[in-house]
Number of protein chains: 2
Amino acid sequence: MDQVEIFKALSNKTRLQILGWLKEPELNFPEQQNADFENVGVCVGQIQLKSGLSQSTISEYLSILQRADLISSTRVGQWTYYKRNKEGLEKLSEIINTAL
Amino acid sequence: MDQVEIFKALSNKTRLQILGWLKEPELNFPEQQNADFENVGVCVGQIQLKSGLSQSTISEYLSILQRADLISSTRVGQWTYYKRNKEGLEKLSEIINTAL
DNA sequence: TTGGCATATCGGGAAAAGTCGATATACATT
DNA sequence: AATGTATATCGACTTTTCCCGATATGCCAA
């Protein structure tokens, strides 16, 4: 993954917020019932609702974050759940500490 | 400084390179004579030369990086020297570790 | 004070990103 | 099979970013 693409993914207020929300899902998405936050995460619809942007926009934002390895997804039935990707974020931390 | 602006500043290959070059100026700018890398840094012309982009572009890129607190500048005569801003980079590291 | 550098700023054209509504796909229920 | 729901993709339009050349500014030397 290109470093520039990671930073581009983070260059947007909503995408940064999403990442923040996914850091504490139980706090930010209390309405999601039967949630297995640890293993699957939060579904697109909940994130879209919270963001106030359109469904298509959020779907695209999530795939941008995923391409940057900052989140990962799991499909369960008709839902796609997204969660924080710890490894990707650690790698980002490392980039900043070693390359910049 | 807005977090988004910091990441925007980093969302460009050349700007990332500049930051990398300024991390080890003595290595990346050996041609700069009488250089006080520690205190003042590297002048715009050297950075421009190395980047291959136009003078105006590099001047603007440097001010973008400076606005994001990632570098700082010192004017000496007709030259402006830029250097890495350790504090800003540490703050960025902290943002990633606490907010995302 | 005039001319010459180094850097900054301005104006613009091309490319990319932001964002939407409409449509497609995929799955679940009846 | 038909309908309903969740998400993804497409096409379009607007805004922002990239990057340039031209010009302005600031400083120094003759």
Side-chain angles (χ1 to χ4, degrees), chain A residues 2-19 21-22 29 31-36 40-68 70-83, chain B residues 2-19 21-22 29 31-36 40-68 70-83:
Chain A
D2 186 10
Q3 290 182 196
V4 176
E5 292 305 312
I6 300 175
F7 290 117
K8 277 188 186 169
L10 295 168
S11 299
N12 176 283
K13 180 149 164 289
T14 304
R15 289 195 298 265
L16 276 180
Q17 285 179 323
I18 292 173
L19 235 33
W21 294 336
L22 292 182
F29 301 95
E31 55 285 336
Q32 182 167 308
Q33 301 298 333
N34 305 331
D36 183 356
V40 297
V42 181
C43 74
V44 180
Q46 295 295 325
I47 298 172
Q48 191 232 320
L49 223 66
K50 197 168 174 86
S51 75
L53 294 185
S54 75
Q55 190 273 318
S56 54
T57 298
I58 292 306
S59 178
E60 177 163 12
Y61 280 9
L62 289 169
S63 85
I64 290 173
L65 288 169
Q66 177 161 236
R67 270 199 301 279
L70 298 168
I71 61 178
S72 63
S73 69
T74 318
R75 193 117 223 239
V76 178
Q78 43 196 152
W79 293 273
T80 308
Y81 294 88
Y82 284 93
K83 66 172 180 179
Chain B
D2 184 12
Q3 290 182 194
V4 176
E5 293 304 312
I6 300 176
F7 290 117
K8 278 188 185 169
L10 295 169
S11 299
N12 175 281
K13 181 149 163 287
T14 304
R15 290 195 297 265
L16 275 180
Q17 284 179 323
I18 292 174
L19 234 35
W21 295 336
L22 292 181
F29 301 95
E31 56 288 332
Q32 183 167 304
Q33 302 298 332
N34 305 330
D36 184 357
V40 296
V42 181
C43 74
V44 179
Q46 295 296 325
I47 298 171
Q48 191 231 318
L49 222 65
K50 198 168 173 86
S51 75
L53 295 185
S54 76
Q55 190 273 317
S56 55
T57 298
I58 293 306
S59 178
E60 178 165 12
Y61 281 8
L62 289 168
S63 85
I64 290 173
L65 288 169
Q66 177 161 236
R67 269 201 301 280
L70 298 168
I71 62 179
S72 64
S73 69
T74 318
R75 191 117 223 238
V76 177
Q78 43 195 153
W79 292 274
T80 308
Y81 295 88
Y82 284 92
K83 65 172 181 181

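Please read all numbers here as calculations on a predicted model, not as lab measurements.
Across all non-hydrogen atoms, the minimal contact from A:Leu65 to A:Ala9 is CD2-O, 4.0 Å. When all heavy atoms of A:Thr14 and A:Asn12 are compared, the closest pair comes out as N-OD1, 2.9 Å. For B:Leu53 against B:Gln48, the heavy-atom pair with the smallest separation is O-NE2, 3.0 Å. Closest non-hydrogen pair, B:Ile64 versus B:Arg15, comes out as CD1-NH1, 3.8 Å. The two atoms that bring A:Val44 and A:Tyr82 nearest to each other are CG2-CE1, 3.6 Å, heavy atoms only. The two residues B:Ala68 and B:Glu5 come nearest to each other via the heavy atoms CB-O, 4.3 Å.
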### Message
Please determine whether side-chain contact (heavy atoms from CB on, under 4.5 Å) holds for the pair B:Ser63 and B:Arg67, giving the CA-CA distance in whole Å, both sets of side-chain angles, and the decisive distance to 0.1 Å.
### Response
CA-CA 6 Å; B:Ser63 85; B:Arg67 269 201 301 280; 3.6 Å; yes

### Query
Can you list the steps and then say if B:Trp21 with B:Ser51 is a side-chain contact (heavy atoms from CB on, under 4.5 Å)?
CA-CA 10 Å; B:Trp21 295 336; B:Ser51 75; 4.2 Å; yes

### Task
Step by step, work out the side-chain contact (heavy atoms from CB on, under 4.5 Å) result for B:Leu10 and B:Leu16.
CA-CA 6 Å; B:Leu10 295 169; B:Leu16 275 180; 3.9 Å; yes

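Read 5' to 3', the first and last nucleotides of DNA chain D with an atom closer than 4.0 Å to a heavy atom of chain A are D:dG4 to D:dT9.
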### Summary
A correct 5'-to-3' footprint of nucleotides 11-17 of chain C, with B, S and - meaning base, sugar-phosphate only and no protein heavy atom under 4.0 Å, is ------S

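Toward the 5' end of DNA chain C, the nearer of the two residues A:Gly52 and B:Tyr82, judged by each one's closest nucleotide, is B:Tyr82.
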Any protein N or O atoms within reach of nucleotides 2-6 of chain C? Criterion: under 3.5 Å, listing atom names and distances.
unit_1	atom_1	unit_2	atom_2	d
C:dC5	O2	B:Gln78	NE2	2.9
C:dA6	O3'	B:Gln78	O	3.4

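Across all strands, A:Leu53 comes closer than 4.0 Å only to sugar-phosphate atoms, never to a base (heavy-atom distances). Residue B:Tyr81 is classed as having no contact, given no heavy-atom separation below 4.0 Å to the nucleic acid.
Of the listed nucleotides (C:dC20, C:dA8, C:dT9), C:dT9 has the atom at the smallest distance from the side chain of B:Ser56.
Within 3.5 Å, no donor on the side chain of A:Ser54 pairs with an acceptor on the base of C:dG21, nor the reverse.
Contact check, B:Tyr61 against C:dT9: no side-chain N or O comes under 4.0 Å of OP1 or OP2.
Between the A:Gln66 side chain and the A:Ser73 main chain, a donor and an acceptor come within less than 3.5 Å of each other. The backbone N or O of B:Phe7 sits less than 3.5 Å from a side-chain atom of A:Ser11, completing a donor-acceptor pair.
The distance between atom CD of A:Gln55 and atom C1' of C:dA22, rounded to the nearest whole Å, is 11 Å.
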